[in-house]
Amino acid sequence: MHEWGVARELVRQAEGEARRRGAREVRSVTARVGPLSGVAPELLARAYEVARLGTLLESAALSVEPDPVLASCRECGREGPLEGAVLACPRCGNRELVVRGGDALHLAKIEIEIGPEPPGGEG
Ligand SMILES: [Zn+2]
């Protein structure tokens, strides 16, 4: 499963970033995933549930932020986001589009917790 590798990579990156900043845990992570990235957000979320175990992200929620596909039509000149992964102009149906964006697949944001261990130990 492709998403498994992606989830592990996201966890690895977020954990590396958190350690560099001296965090003791990660509260939440946001990944930016476009429809053209080849990764299904719901599968990524499921893989993440496993990938985060035993890491600083163990209690961090994952949010997936969409990366819209922007296309300009060579036929009618329409420019704007495309719905889903259908590569046709929503106005005239032309398939000669200049596409940009929509293929993002990376860590967008992490929220970390920096500070002393709370009293009471492991919790
Ligand atoms: Zn068009």
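Each ligand, and each atom within it, is numbered from 1 in the order the structure gives. Scope of the values below: all heavy atoms of this structure, side chains included, with no hydrogens, waters or symmetry mates. Along the sequence shown, residues carry numbers from 1.
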K.L.:
Going by the rule side-chain hydrogen bond (donor to acceptor under 3.5 Å, both in side chains), which residues pair with R32 if we only count those two or more places apart in sequence or in a different chain?
P.N.:
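R32 satisfies side-chain hydrogen bond (donor to acceptor under 3.5 Å, both in side chains) with E65, D67 once adjacent residues are dropped.
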
K.L.:
If the condition is salt bridge (Lys or Arg N to Asp or Glu O under 4.0 Å), which residues does E17 pass it with, not counting sequence neighbours?
P.N.:
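Result, salt bridge (Lys or Arg N to Asp or Glu O under 4.0 Å) vs E17: R20, R21.
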
K.L.:
Answer yes or no: is there an ion pair linking R19 with E15, defined by an N-O contact shorter than 4.0 Å?
P.N.:
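Judged by the 4.0 Å cut-off on N to carboxylate O distance, R19 and E15 do form a salt bridge.
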
K.L.:
Identify all side-chain donor-acceptor contacts of residues 87-106 below 3.5 Å with residues at least two apart in sequence or on another chain.
P.N.:
| unit_1 | atom_1 | unit_2 | atom_2 | d |
| --- | --- | --- | --- | --- |
| N94 | OD1 | E96 | N | 3.2 |
| N94 | ND2 | E96 | O | 3.3 |

K.L.:
So what's near the Zn ion (ligand 1), protein N, O or S atoms under 2.8 Å?
P.N.:
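Less than 2.8 Å away from the Zn ion (ligand 1) sit C73 SG, C76 SG, C89 SG, C92 SG.
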
K.L.:
Taking the side chain as C-beta and beyond, is there a heavy-atom pair between W4 and L43 under 4.5 Å?
P.N.:
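When only atoms from C-beta onward are counted, L43 and W4 do not touch, as no gap falls below 4.5 Å.
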
K.L.:
Could you give the distance from CZ (R24) to CD (E113), rounded to the nearest 0.5 Å?
P.N.:
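It comes to 4.5 Å.
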
